[in-house]
Amino acid sequence: MARKIKGLYKRGNVWWCCYKDLTGKIVRETTKHADYDKAVEFLTEKKFNVQRGIEPEVIQNINYTFKELVVEYLKWCERQRSFDSKKIFIKQLLDAFGHMPLKNFNTMMVEQFQTDRIQKGNKPATVNRLVATLKHSFTKAYDWNMITETILKKVRKVKLLEENNRRLRYLSKEECQALVNACDAHLKPIVITALNSGCRKEEILSLKWDQIDMKHGFILLDITKNGERREIPINGTLRTTFEALPRRLDGGYVFFDPKNGARYQEVKRSFATALRKTGIRDFHFHDLRHTFASHLVMAGIDLTTVSRLLGHKSLAMTLRYSHLSPQHFTKAVDVLDNVLNDNFNSTSHLVHNQRIVHNG
C-alpha cells in the first residue's frame, strides 16, 4: 500500500510513525498496527497531543539493527561536505556490524573492533575516523529514539587511539627534479602543480580553468577541505606549465584524459611508477604538499604566510615545519640584541654627555 500520509512507514507487517515532540526532537515508535487506517489514527492522535502541549509517551523500540540505522544516517549525512569520504567509513562499519541489533552494542565490542582493525594493518588515524563515525551515528540514533541512553553511553565510552601525526616527509631539490623527470606526460604537470602550489590532490584533480586567473596570477579555490576560499599565487614555473597544457573549447577541467575528456579520478598507479623509477621510498602524493611548505620555510618565508598558503585554520598545523628554519630563531634573537644594544648605547651616550656638561 502506498503511503498516503507523511510520517508513516512499514517495518515488516507493522506500521511505524515518526513525528516531532515538544522540543522538536524526532520521535520514532511503532503504532503496533498492521492496518493502515488504525496507524493513521495513532499518528494523528500523537500529533494532536503535541499540539496541545502534551509530552508523548514513547513506546521504545529495542529491535533496530545497525543496518536500519545506517539507512537513516546516510540520508542525514548528505548535508555534510565530507559525505563522500564518510560513505566509505559507513560501508566498512556496515560490513563489520551488518544486521547486529543496536541494543547489543557495548564498550567491549567497539574496542575489539579497534583491535581487529589495527591487527589488519590500519593506522590509528584510520581506525579513529571509523570509530568517530560510529559514535556519531549512535548519537543520531539516540536523537531518533532508536536506542536508549544506556546504549549510547556504552558506545561513547570508547576512547580514540593515540595518533602519530608528526610524520613530515619531503623531497630535496634534486629529488623533486628527478621525480618530475620520471613522470609520465599526463602526470608531470599535476606533480609540478602540487610542488609549486601546495594544493591537495583532490583540489588539483578537480581544478577547472575558470579557477585559474592567468591575468592576475592566482589559482582560486572556492571550496576547500576547510570550507574556505583560498588564493594561490601562480609562479613562473606554474605559469609555463599551465600555458603548455591543452584546453578544451568548453573550458572544463585543467587535467583530463584526452581519450574521453573526463577528469582524472586518481593518479596512484602512475605516481607509484615514477617513485619506483627514481628510487624514492616512503613517499605519498600528499607529501608533495609537505615539500612545498618545507622549502618555503627553509627559504625564510614566515610561518604565518605558509599557513595561509596551505589553508590551515590555525597556526598549530603549520608549526610542524618550524624546526626547518633554525635561522629564523637566530634572526629573532639578533633583532632583540640590536634593540637592547641600541637602547643601552644610546643611554650610555646620553649619560656620558651629561657628565661632560656637569663637569664643564
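Being a predicted model, the structure only gives us computed values, none of them experimental.
Looking at Asp213 and His216, their side chains do bring a donor and an acceptor atom within 3.5 Å of each other. A donor and an acceptor atom, one from each side chain of Glu29 and Tyr19, are located under 3.5 Å apart.
In this structure, Lys201 fails the cation-pi test against Tyr264, since its NZ or CZ atom is not both closer than 6.0 Å to the six-membered ring centre and inside 45 degrees of the ring normal.
Checked against Trp15 for a ring pair (Phe, Tyr, Trp, His ring centres under 6.0 Å), the options Tyr9, Phe42, Tyr36 give a single hit: Tyr36.
If you chain together hydrophobic residues whose side chains sit under 4.5 Å apart, Leu152 and Tyr64 fall into the same group.
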Using distance only, find each side-chain donor-acceptor pair of residues 176-192 under 3.5 Å and give its atom names and separation, not counting sequence neighbours.
from   : atom 1 : to     : atom 2 : distance (Å)
Gln177 : NE2    : Asn181 : OD1    : 3.1
Asn181 : ND2    : Gln177 : O      : 3.2
His186 : NE2    : Ser270 : OG     : 3.4

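Ionic pairing of Glu72 and Lys140 is not present here: no N-O contact between side-chain nitrogen and carboxylate oxygen is shorter than 4.0 angstrom. A salt bridge is absent between Lys173 and Glu175: the closest approach of a Lys/Arg side-chain nitrogen to an acidic carboxylate oxygen does not fall below 4.0 angstrom.
Between Trp76 and Tyr73, the ring planes are parallel. Angles under 30° get that label, and only those over 60° would be called perpendicular.
Contacts of Phe105 classified as ring-ring contact (aromatic ring centres under 6.0 Å, His included), with partners at least two apart in sequence or in another chain: Phe66, Phe97, Phe138.
Of the possible donor and acceptor atoms, one in the side chain of Lys135 sits under 3.5 Å from a partner among the backbone N and O of Val158.
Sorted by first and then second residue, the ring pair (Phe, Tyr, Trp, His ring centres under 6.0 Å) pairs with a member in residues 192-215 form an empty list; sequence neighbours excluded.
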